[in-house]
Amino acid sequence: MAATSRWLLLLFLWFASQSALAAILPADRADALYHAYDGGGVQVNGPSILVRKSIGTSVSAYYNYYVDNVTSASVDVLSYASPYTEQRIEQSVGIDYLHGKSTMSLSFTNSNESDYLSDTYGFAISQDLFGDLTTVSLGYSYSDNTVGRNVGNTTQIVGNAKLQAYRVTVSQILTKNSILGFTFDTMSDEGFLNNPYRSVRYRDPASPTGFSYQSEVYPNTRTSNAGALRLRYYLPWRGALSAGYRLFSDTWGIRANTWEVGYVQTWRDRWTFEIGYRLYSQTKADFYSDLFPYQDAQNFLARDKELATFSSRNLGFGVTYEFLKNGWGFIDTGSANLFYDMFNFDYEDFRNIPAGGPVGQEPLYNFDAGVIRAFLSIWY
Amino acid sequence: MRTAILAALLLLAAGCSVEPWVKPYERAHLADPIMSFSRDPVADSYLNHVHEAREGARGAGVASGGGCGCN
């Protein structure tokens, strides 16, 4: 481990020592987004505001304010709890420093809801290489999370969870019309990782329903790896094709595959239309079961549908209209954007208890969802 | 390990002198915003959050989200 640290340090120093003209800072822009999710008995909506501004020629800073207003009557909630509403507010600040062909970034994110507090600190360094055909980025982030449980009007702290994440990203120009991106993330959790409200069910002949519930129990650690390859190809009529694949695995036994394809087409200088399709599938966690044979059947117990075997499909459409292309006052240009995504989730071993039926033979659960993203962007 | 470091540094340093096969003046198409992996960070970050809150997998998305996203 010490040798690895030294190697990373040397690499960082080498990145930092490079200087020449090439890399650029992100453009100055502001975005005001409204988002709305509706599906599976859950509605989430709210705004997200991002402002990014350069300071001099080598520094760019940003601030993001994001809100989730949640109303939940999901299948879990209907099975053993009461519908609820809550709000989550997330604020992020970050700064990028450009030096020659290197960009160094620092960020801080705070997420606040009545029963969950999260602080995340991030650092990343990015370097252009090989005649600027290749950009390599290394990143590290650390999250400190406090997990609570609301009981009546009070919140009980039930645990703490820490997350460390390492990221390597490589962006490679292949030809004058194509670019390849590779991302690899390793994440490691430690602490209280389950949801304090969720329960598992087990067969209970003494219960009138034939089953009872007990609190879920997760392991205290989790390590996951995810690697993704993405390709974009420029078409002569000012369109772009994209394709991507991600492979995921973790120490809980989940294996997931994600496939993505997309197409973007511009029209008459001001319009951009796009369509995308994403296919996701995963295997269940080792300690997941829809129905355990008896109480305390094993050390770790989960019945979260996120840990079940399932697949999902996501078809998305988007339209962008550019305005003020010749600028106006301090504004260089702007765009109005509307995106709509349709989701379908199909579970293979998570049953719909509220639908009724013999214990363990209730219909398998599935649901559809829709996501709206409407936003205005200006560049200045 | 030291040999590996030297080899890595030499390889990277040598790489800087690689003649780029796509010249800077040939990159107009690549610079078009429609070729960006993440054209709108706020919108991509949100969709990434929608995925991560409902899936067992996480990471290696085009944008990074944050927070709990339970339920």
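So that the names make sense, note that chain A is the first sequence line, chain B the second, and so on, each numbered from 1.
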Novice: Which answer fits A:Arg52, side chain, backbone, both or neither, if we ask what part of it has an atom under 4.5 Å from a heavy atom of chain B?
Specialist: neither
Novice: Given that the side chain runs from C-beta out, which part of A:Ala226 has a heavy atom under 4.5 Å from chain B: side chain, backbone, both or neither?
Specialist: both
Novice: Name the region of A:Thr266, side chain, backbone, both or neither, that has any atom closer than 4.5 Å to a heavy atom of chain B.
Specialist: side chain
Novice: Hey, are the side chains of A:Tyr280 and B:Arg54 touching, using non-hydrogen atoms and a 4.5 Å cut-off?
Specialist: no
Novice: What residues, two or more places apart in sequence or in another chain, satisfy side chain to side chain contact (heavy atoms under 4.5 Å, CB included) together with A:Leu50?
Specialist: A:Asp31, A:Tyr62, A:Asn64, B:Val42
Novice: With a 4.5 angstrom heavy-atom cut-off, could you sort out which part of A:Leu174 is near chain B: side chain, backbone, both or neither?
Specialist: backbone
Novice: Tell me if the centroids of the rings in A:Phe273 and A:Tyr263 come within less than 6.0 Å of each other.
Specialist: no
Novice: Using a cut-off of under 4.5 Å on heavy-atom pairs, state which of B:Glu55, B:Arg27, B:Lys23 scores highest against chain A.
Specialist: B:Glu55
Novice: So what's closer than 4.5 Å to chain B heavy atoms on A:Asn225: side chain, backbone, both or neither?
Specialist: neither
Novice: Supply the atom-to-atom distance B:Asp40 CG to A:Arg373 CZ, rounded to the nearest 0.5 angstrom.
Specialist: 8.5 Å
Novice: Checking heavy atoms, do the side chain of A:Arg238, its backbone, both or neither come under 4.5 Å from chain B?
Specialist: both
Novice: Heavy-atom distances under 4.5 Å only: say whether A:Glu274 touches chain B with side chain, backbone, both or neither.
Specialist: side chain
Novice: Where on A:Ser312 is there a heavy atom nearer than 4.5 Å to chain B: the side chain, the backbone, both, or neither?
Specialist: side chain
Novice: Checking A:Arg246 against chain B: side chain, backbone, both or neither under 4.5 Å from a heavy atom?
Specialist: side chain
Novice: Relative to chain B, which segment of A:Leu180 carries a heavy atom at a distance below 4.5 Å: side chain, backbone, both, or neither?
Specialist: backbone
Novice: Would you say the side chains of A:Ser224 and B:Arg58 form a donor-acceptor pair under 3.5 Å?
Specialist: yes
Novice: Can you say whether A:Thr320 sits under 4.5 Å from chain B via the side chain, the backbone, both, or neither, judging by heavy atoms?
Specialist: side chain
Novice: Taking ring-ring contact (aromatic ring centres under 6.0 Å, His included) as the test, write out the residues that go with A:Phe375, two or more places apart.
Specialist: A:Phe339
Novice: Considering only heavy atoms from C-beta outward, does the side chain of A:Gln282 approach that of A:Phe310 to under 4.5 Å?
Specialist: yes
